[in-house]
Amino acid sequence: MGKGFYISKALGIVCVVAAIGAVATIIALSVVYAQEKSKNEEALLPSTSGPGATTLPPTTPSAPKELWDHYRLPDTLAPLTYNVTLWPRLEPNEHGLYIFTGHSKVVFRCVKETDLILIHSNKLNLTASEGGHLATLKGLDGATAPGLKKTWLEVPTEYLVIQLDSPLQAGSWYELFTDFVGELADDLGGFYRSEYMEDGVKKVVATTQMQPTDARKAFPCFDEPAMKAVFHMTLIHPSDTVALSNGMNHGKFLCPHLLQTSFEPTEIMSTYLLAFVVCDFGFIGTEPTAEVLVRIWARKKAIAEGQGDYALEKTGPILTFFENYYKSKYPLSKSDQIALPDFSAGAMENWGLITYRETALLYNPHASSNGDKEWVATVISHELAHMWFGNLVTTRWWNDLWLNEGFATYVSYLGANYAEPTWNMKDLIVLNEIVGVMGVDALASSHPLSSKEEDVQRPEDISQLFDSITYSKVIICLQTYLQEFKYNNTVYTDLWKHLQMAVDKNGIKLPHTVEVIMNRWILQMGFPVVTIDTKTGRITQKHFLLDPESVVETPSEFKYEWFVPMTWIKTGGVEQQYWLLNKEATNAEMALGVNDWLVANIDMKGFYRVNYDSENWERLLNKLSTKHQDIPVINRAQIIDDAFNLARAKMVNTTLALRTTKFLDKEVEYMPWETASRNLNYFFLMFDRSEVYGHMQAYIKKQVTPLFNHFKELTANWTKIPDNHTDQYNQVNAISLACSTGVEGCKELTTGWFKEWMSDPANNKISPNLKTTVYCSAIAAGGVDEWDFAWSMFKNATIASEADKLMYALSCTKQPWLLNRYLEYCLDPTKIRKQDATSTVVSIAGNPIGQPLAWDFVRANWDHIVNDYGGFSFGGLISGVTKRFSSEFEYKQLVQFKEDNAGSLGTSSAALEQSLERTKANMNWVAMNKDQVLEWFISETSSPV
């Protein structure tokens with residue numbers, strides 16, 4: 001069947017190696033985030049379209065009567081240029097509101113004759129002209145503008161609607177002028193304000209976040225990615241502030257106490273890439289004579305403390321790497337990167353002015369951990385990757401968002417690997433991206449990578465695409481692709497065409513065309529589990545679902561079968577390849593002798609799980625117990641991850657999955673330990689309120705004690721930092737697991753360090769890598785004194801990464817009243833910034849004592865959170881506070897919550913459906929496994945530790 005289809009030769013072109021040379025790599029990274037990224041760790045991007053957007057009709061309403069009832073612009077007009085002037089007021093007016101005023105001229109061409117102009121406008125108060133209309137229109141180059149019959153704002157679809165007395169003429173050019181006032185709100189979307197304290201003085205920043213559909217909140221515009229144009233920006237601002245935008249400023253005109261700053265015209269680009277900032281920031285940068293001026297902007301104190309130095313040091317090399325990788329010069333004269341105190345995402349790839357959360361751009365070597373440093377490097381790399389793929393070449397519509405984000409996620413690791421070659425970033429893709437998203441993509445409520453354009457219409461439809469699957473389900477690009485589509489829009493099939501050209505040019509043997517192979521991975525959701533019977537060599541595949549009883553309601557023309565590029569090694573031999581092209585096949589080379597063992601999906605290059613016959617599982621477990629180093633380290637992690645997930649899907653016994661952790665008492669590598677820790681975390685979630693918990697704690701204590709002692713010795717009794725990047729991560733695992741399970745000496749170590757800091761607050765000697773674990777452990781073991789001290793240090797922290805560590809650790813307390821107080825702080829932006837409210841509530845819910853408190857808090861405050869407060873990621877909130885749900889009572893509570901809030905779920909609707917599905921799966925899993933898991937842990941801990 002698949003036999004005989006192999007990659008014929010190694011390829012020299014990096015793109016082709018990644019994309020086709022081992023199509024496995026494509027597919028593995030076909031679901032590669034984040035957690036923004038966000039390791040912004042939230043499943044959904046918040047929509048800032050306002051409460052009105054949450055009660056809109058279904059995604060594809062039946063036959064809208066008028067064009068303005070449609071969520072997509074008609075194809076009658078095409079913008080050429082915008083000329084926009086904005087004046088943000090950094091002081092509140094007499095009504096206590098922060099506002100901005102502005103006016104805009106957009107020059108557009110009439111593509112098809114029409115007597116209607118639709119242009120996006122949201123939450124703007126448009127000034128009526130003398131004729132009482134909300135805009136004025138004039139013809140250009142000899143064209144005559146028709147009169148305006150009627151103008152109004154169509155709130156549900158966010159349009160300014162202009163009906164004309166007579167049609168615009170195809171091929172003619174026109175200019176539309178609007179004058180408007182908007183609120184400079186703190187809702188983190190469109191043109192918004194961010195606040196911070198400096199030397200006891202409140203500072204206000206006016207800044208932007210346009211993606212996906214919030215440029216229309218700053219000025220009326222054709223707010224779709226295919227509507228590319230050139231933007232001429234002018235900002236009026238106080239003379240003691242600086243104004244930034246995508247282009248370099250080219251003129252300042254002084255008024256009393258005001259500056260008017262204009263900027264070079266942008267390249268031809270989409271509205272969502274526009275950015276502008278007015279602030280009192282400082283910067284460091286390259287020499288002004290540099291070919292590309294690089295500047296790092298942040299709070300003046302942060303710049304003075306050197307927190308921008310690392311970003312400046314790495315931005316230039318990463319830019320150069322991408323210029324060589326894409327074989328295309330960076331097209332702009334400057335690259336500004338700015339760290340904002342309030343920002344909803346991890347970062348945003350605005351062309352020439354990239355905006356970041358402070359934690360994603362600033363690094364202090366004395367206070368920030370190696371994880372903080374890695375995060376800065378990978379986020380910078382991710383955003384710079386977008387300068388070509390996403391900005392220079394842009395997908396036509398949001399249904400192909402996966403192409404932008406998936407590719408940037410993949411190559412961000414290549415850029416970071418270039419900047420920090422000792423970190424082994426390419427291997428960390430598996431842990432950071434692939435493993436995590438497999439859990440989401442194994443739900444029946446998942447979604448395919450690519451949707452039909454007509455299925456993605458409303459702002460909340462678009463927002464729901466910014467999830468872990470999108471950031472993690474794809475890869476590659478070719479230089480010719482970028483050249484052909486630069487400054488233009490594209491669809492994913494254009495990419496397949498160029499990959500096929502590379503395949504043909506290099507003589508690569510593939511079983512089908514690139515498009516035919518890839519369609520099965522992007523047009524249907526999920527991924528397969530491949531089962532290998534090593535007695536016969538028989539291989540089968542089926543759609544992998546965490547809950548095998550869940551119903552997949554999304555049909556697939558491919559019947560949930562994939563073309564799977566398999567790799568495997570047999571008894572430590574050379575890696576081999578095989579294409580599985582049907583539901584089942586036989587490969588005699590996979591049949592084993594009595595003493596042989598086989599492991600498939602080498603280094604997890606493929607996006608599939610692997611199951612084996614029971615005899616091969618036993619051989620693998622025996623190999624792990626006797627000489628685990630014979631199995632590649634990534635595959636040691638993969639065996640654990642596959643086994644636990646196969647057990648959740650009832651394909652193997654849960655005790656088999658637990659047995660894959662028995663070798664860990666001899667393992668010191670990070671990836672197997674991290675994978676085991678993540679999977680055992682599910683057991684904690686399911687059992688930390690039951691009698692299983694104590695015996696499970698005892699088992700993990702037994703397994704982690706050698707690792708704890710290993711790092712105690714490696715670090716000379718905790719006085720040194722391990723040299724290796726992943727060893728530094730695994731030291732954190734060792735201390736965290738040891739303290740939480742009561743390993744002798746651990747709690748005394750962490751509480752001792754914390755008390756030493758409490759006695760001398762100005763001198764924190766705790767290693768930056770260990771701060772999160774130490775803070776959490778000490779606050780959990782302590783009381784109100786420890787909590788109040790940490791809160792004081794949090795409020796006075798000048799380093800964002802330090803504040804983040806303390807903010808998380810405050811959720812570790814065992815005191816319910818402190819957790820309730822902390823929850824209330826999440827609705828007070830003077831205590832917890834709006835950008836951090838979701839993650840804080842979710843952290844509290846991660847504490848078994850805090851979980852019911854967080855759920856009660858969300859239910860009690862839902863209307864306020866959705867309609868008034870803003871800033872929350874609604875989907876991330878629902879997903880985070882319900883992940884421990886595993887009882888019929890909790891399931892009924894979720895159903896009731898859905899019914900009670902049917903009209904206000906908005907962007908959280910998909911996350912709620914996933915939570916319902918996950919809760920049902922948890923209920924079934926606990927019922928099936930609790931007794932045998934308890935028995936297994938008892939048997940494994942019956943002998944002395």
Side-chain angles (χ1 to χ4, degrees), residues 35 37-42 346 357-360 362-376 378 428 431-432 670 673-674 677-678 681 684 704 707-708 711 715 718 721-722 725-741 743 746-747 749-758 761 764-782 786-787 789-814 819 822 832 836 838-847 850 880:
Q35 240 186 118
K37 288 90 271 4
S38 72
K39 287 203 188 102
N40 209 16
E41 299 162 5
E42 295 171 13
R357 277 196 182 201
E358 290 193 342
T359 51
L362 304 182
Y363 171 76
N364 184 318
H366 305 297
S368 305
S369 68
N370 68 321
D372 298 328
K373 193 175 188 179
E374 183 188 307
W375 181 230
V376 170
T378 53
L428 289 176
L431 268 183
N432 294 350
Y670 168 64
W673 264 107
E674 178 65 16
S677 179
R678 292 181 189 181
N681 184 56
F684 279 117
V704 80
L707 187 70
F708 181 76
F711 279 104
T715 61
W718 316 108
I721 298 173
H725 186 60
T726 52
D727 279 348
Q728 292 179 39
Y729 283 154
N730 214 26
Q731 181 190 15
V732 175
N733 276 337
I735 294 176
S736 177
L737 288 169
C739 283
S740 65
T741 57
V743 171
C746 187
K747 189 174 292 186
L749 184 72
T750 57
T751 55
W753 283 334
F754 196 80
K755 286 185 185 300
E756 184 180 351
W757 183 31
M758 288 179 69
N764 187 349
K765 297 179 180 178
I766 302 168
S767 167
N769 291 345
L770 304 179
K771 282 181 175 179
T772 299
T773 294
V774 171
Y775 294 172
C776 182
S777 177
I779 289 171
E786 285 77 10
W787 201 96
F789 172 78
W791 175 256
S792 174
M793 292 297 101
F794 165 70
K795 291 304 292 179
N796 291 309
T798 59
I799 300 166
S801 59
E802 175 73 2
D804 271 12
K805 293 176 179 66
L806 287 162
M807 186 166 56
Y808 165 74
L810 288 163
S811 71
C812 298
T813 180
K814 307 295 187 189
L819 292 170
Y822 198 24
I832 297 294
D836 299 318
T838 299
S839 61
T840 301
V841 175
V842 169
S843 294
I844 293 169
N847 181 336

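The figures that follow rest on heavy atoms only: side chains count, while hydrogens, waters and symmetry mates do not. As the structure is a computational prediction, the values presented were derived from the model and not from experiment.
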Task: Closest approach of E802 to A367 (non-hydrogen atoms, all atoms of both residues) - done: OE1-O, 4.0 Å

Open item on the list: Within this structure, what is the CD-CZ distance for the pair Q731 and F708, rounded to the nearest 0.5 Å?
Closed with: 9.5 Å

- [ ] Examine distances only and state if a side-chain atom of S368 and a backbone atom of P365 form a donor-acceptor pair shorter than 3.5 Å.
- [x] no

Task: Flag if over 12 foreign heavy atoms under 6.0 Å of NZ, K755 - done: no

- [ ] Would you indicate whether the side-chain heavy atoms of L819 and T813 approach each other to under 4.5 Å?
- [x] yes

Open item on the list: Restricting to ring pair (Phe, Tyr, Trp, His ring centres under 6.0 Å), what partner residues turn up for F794, sequence neighbours left out?
Closed with: W791

Open item on the list: Run the side-chain contact (heavy atoms from CB on, under 4.5 Å) test against V842 and tell me which residues pass, sequence neighbours left out.
Closed with: T838

Open item on the list: A800: which residues meet the side-chain contact (heavy atoms from CB on, under 4.5 Å) condition with it, sequence neighbours left out?
Closed with: E358, T359

Open item on the list: Return the NZ to CG distance between K805 and L770, rounded to the nearest 0.5 Å.
Closed with: 11.0 Å

TODO: Mind listing the closest non-hydrogen atom pair of Q728 and N769 along with its distance?
DONE: OE1-ND2, 2.7 Å

Task: By side-chain contact (heavy atoms from CB on, under 4.5 Å) - contacts of S777 (at least two apart) - done: C739, T750

- [ ] Applying side-chain contact (heavy atoms from CB on, under 4.5 Å), name anything that partners T773, two or more places apart in sequence or on another chain.
- [x] V732, I735, S736

Open item on the list: A side-chain contact here means heavy atoms from C-beta on lying under 4.5 Å apart; do F711 and N733 qualify?
Closed with: no

Task: Side chain to side chain, E674 and Y729, heavy atoms closer than 4.5 Å - done: no

TODO: Calculate, to the nearest 0.5 Å, the distance between atoms OG and CG belonging to S767 and N370 respectively.
DONE: 8.5 Å

Open item on the list: Would the distance check show the side chain of W787 and the main-chain N or O of L810 forming a donor-acceptor pair, the cut-off being under 3.5 Å?
Closed with: yes

Open item on the list: Checking the side chain of D836 only, and the main-chain atoms of I832 only, is there a donor and an acceptor separated by less than 3.5 Å?
Closed with: no

Task: From CD1 (I799) to CG (D804), nearest 0.5 Å - done: 12.0 Å

Task: Check: D727 main-chain N/O paired with N730 side-chain donor or acceptor under 3.5 Å - done: no

Task: Shortest non-hydrogen contact from A778 toward T751 - done: CA-CG2, 4.1 Å

Open item on the list: Which label fits W718 and W753: parallel for a plane angle under 30°, tilted from 30 to 60°, or perpendicular past 60°?
Closed with: perpendicular

Task: N364 side chain near S801 side chain, heavy-atom distance below 4.5 Å - done: no

- [ ] Answer yes or no: does atom OH of Y808 have more than 12 heavy-atom neighbours from other residues, nucleotides or ligands under 6.0 Å?
- [x] no

- [ ] Decide yes or no for S369 and K771: does some side-chain heavy atom of the first lie under 4.5 Å from some side-chain heavy atom of the second?
- [x] no

Task: S843 side chain vs S839 backbone, donor-acceptor pair below 3.5 Å - done: yes

Open item on the list: Using every non-hydrogen atom in the two residues, find where Y670 and L428 come nearest and quote the distance to one decimal.
Closed with: CE2-CD2, 4.1 Å

TODO: With sequence neighbours left out, write down each residue that passes ring pair (Phe, Tyr, Trp, His ring centres under 6.0 Å) with F684, or none if nothing qualifies.
DONE: Y693

Task: Derivation and outcome, side-chain contact (heavy atoms from CB on, under 4.5 Å), residues E374 and N432 - done: CA-CA 11 Å; E374 183 188 307; N432 294 350; 3.3 Å; yes

- [ ] Look at the rings of W757 and Y775 and say which category their plane angle falls in: under 30° parallel, 30 to 60° tilted, over 60° perpendicular.
- [x] parallel

TODO: Measure from the side-chain N and O atoms of Y822 to the backbone N and O of M807, and report whether any donor-acceptor pair falls under 3.5 Å.
DONE: yes

